[in-house]
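So the structure is just underneath, and the comments pick up after that.
Proteins get letters first, then strands, A, B, ... in listed order; numbering begins at 1 in each.
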Amino acid sequence: MKPTRLLLASLALAASLTAAPISFDFKDPKGVNAAQFHLDSMIEAIAGTASGISGTVSFDPEAPAATTGKIVVDAASLKVTNPTMTGHLQGESWIDAKGYPEITFELVKLANVKTAGTTTTADAVGKFTLKGVTKEITVPVKLTYLADQLGKRLNKPELKGDLLVIRGEFTIVRGDYGIQPGKNEDKVSTEINLSLAIVGSAPKA
Amino acid sequence: MTTTPPANESKPAAGIAAWRILFRMLAGFLALFSFAYWSAAGWNRGWTKTQIAVKQTDEVTGIEFVTYKQHFAPGVELVALAGFICVALFAITFIRRRKAG
């Protein structure tokens with residue numbers, strides 16, 4: 001093979017490698033990832049977090065619209081500042097963390113994708129599963145791709161890799177997912193606000 | 001013209017019994033103590049908490065996340081319970097024993 005052809009072939013290979021989607025793992029080593037929930041209630045609002053986040057997202061900085069992935073939340077990691085209330089929320093009449101240990105969001109497609117620099121905004125259309133009930137929902141999301149920031153974040157400069165931050169906020173109706181449908185509506189709001197701010201890491205070999 | 005009281009009505013006490021004074025003092029002390037403790041512990045007008053949420057920010061990503069710190073903050077239900085006990089203690093001191101015959 002002539003040197004020119006070899007060079008071209010190498011460039012083509014390099015281009016195809018850089019354009020490949022990157023797989024980001026959302027099990028955060030720093031334990032920062034969490035979904036936050038908020039619902040109005042008598043006396044005071046019920047607000048808490050679910051920190052057991054895992055899952056993977058495949059993201060191509062050159063083609064954000066092709067993003068795929070699944071985020072999993074461990075239902076037993078859901079907690080509020082009152083242990084009795086935490087027990088009730090995890091119990092059978094609420095999310096039933098023992099019977100349905102995972103809350104998931106599986107991305108089907110990204111719509112209305114707009115990218116500016118390292119930030120992409122889009123509507124994430126996906127299958128949201130809570131307490132065994134799956135519904136297709138649309139969540140406005142913001143994805144921020146932070147190239148070569150993994151080592152800096154973990155205070156390990158020798159570690160090479162990228163980060164992907166996903167932010168999203170949406171509202172669900174608890175009755176739609178079998179959570180006390182039609183019950184205690186005068187005491188606890190029927191709507192649950194959920195917000196997500198999570199980071200995935202993709203170490204480079 | 002004079003009227004005689006019914007036979008089953010008890011005579012007015014000459015003074016207040018010691019246990020009544022004690023119970024009233026106890027009720028007052030409990031009311032003051034519970035209010036002072038609730039105020040000092042953070043004036044929490046919600047339910048009782050055993051932890052408080054502390055917001056922090058991850059430097060590189062800018063993600064706001066919550067950590068939990070052990071902290072007991074009595075809520076309105078404990079204040080209400082203390083208030084109920086105070087009222088009950090105070091009310092007991094007004095109970096009069098009926099004399100037979």
Side-chain angles (χ1 to χ4, degrees), chain A residues 24 26 28-38 41-51 53 77-88 118-119 142-156 161-169 195-201, chain B residues 23-92:
Chain A
F24 290 88
F26 280 80
D28 184 33
K30 280 180 85 175
V32 161
N33 284 350
Q36 298 191 24
F37 61 90
H38 182 280
S41 171
M42 270 176 69
I43 308 284
E44 70 175 337
I46 300 167
T49 57
S51 56
I53 306 280
S77 70
L78 181 147
K79 87 186 255 187
V80 293
T81 51
N82 179 315
T84 309
M85 207 177 276
T86 298
H88 285 158
T118 57
T119 303
K142 185 173 154 186
L143 297 94
T144 309
Y145 173 62
L146 302 170
D148 300 320
Q149 294 289 306
L150 178 63
K152 186 183 174 189
R153 180 168 184 262
L154 299 178
N155 290 323
K156 290 179 182 172
D162 304 334
L163 299 171
L164 179 69
V165 180
I166 301 177
R167 290 183 171 88
E169 200 171 331
S195 65
L196 202 70
I198 54 176
V199 57
S201 50
Chain B
F23 270 41
R24 284 174 195 178
M25 282 175 69
L26 209 64
F29 175 75
L30 183 65
L32 276 175
F33 175 78
S34 53
F35 184 77
Y37 180 67
W38 176 68
S39 304
W43 201 274
N44 172 26
R45 280 166 290 175
W47 302 110
T48 296
K49 296 169 177 60
T50 57
Q51 293 180 320
I52 51 167
V54 182
K55 279 194 175 175
Q56 290 181 304
T57 306
D58 184 54
E59 213 175 278
V60 173
T61 60
I63 291 175
E64 264 203 359
F65 63 101
V66 172
T67 55
Y68 292 91
K69 201 171 94 178
Q70 294 296 327
H71 175 82
F72 181 73
V76 288
E77 80 277 24
L78 290 187
V79 175
L81 179 67
F84 175 77
I85 293 169
C86 292
V87 170
L89 277 174
F90 198 74
I92 284 168

query = Side chain, backbone, both or neither: which part of B:E64 has an atom under 4.5 Å from a heavy atom of chain A?
reply = backbone
key: Max heavy-atom pair count under 4.5 Å with chain B, selected residue of A:V165, A:N82, A:V32   = A:V32
task = Examine distances only and state if a side-chain atom of A:E44 and a backbone atom of B:R45 form a donor-acceptor pair shorter than 3.5 Å.
result = no
Side chain, backbone, both or neither of A:M42 within contact of chain B (heavy atoms, under 4.5 Å) = backbone
message = More than 12 heavy atoms of other residues, nucleotides or ligands under 6.0 Å from CZ of B:F72: yes or no?
response = yes
query = With a 4.5 Å heavy-atom cut-off, do A:R153 and B:D58 have their side chains touching?
reply = yes
ask   = Any idea which heavy atoms bring A:L163 and B:V60 closest together, and the distance?
value = CD1-CG1, 4.1 Å
task = Report the distance from atom CE of A:M85 to atom OG1 of B:T50, rounding to the nearest 0.5 Å.
result = 11.0 Å
task = Might you point out which heavy atoms bring A:T81 and B:Q51 nearest each other, and give the distance in Å?
result = CB-O, 3.1 Å
message = Tell me whether the count of non-hydrogen atoms from other residues, nucleotides or ligands lying under 6.0 Å of NE2 in B:H71 goes above 12.
response = yes
request  = Take atom CH2 of B:W47 as the centre, draw a 6.0 Å sphere, and report whether it contains more than 12 heavy atoms from other residues, nucleotides or ligands.
outcome  = no
inquiry  = Are the side chains of A:R167 and B:I63 in contact, using a 4.5 Å heavy-atom criterion?
reply    = yes
ask   = How about B:Y68 and A:T49: do any of their side-chain heavy atoms sit closer than 4.5 Å?
value = yes
task = Pick one of side chain, backbone, both or neither for A:K79, based on which atoms fall under 4.5 Å of a heavy atom in chain B.
result = both
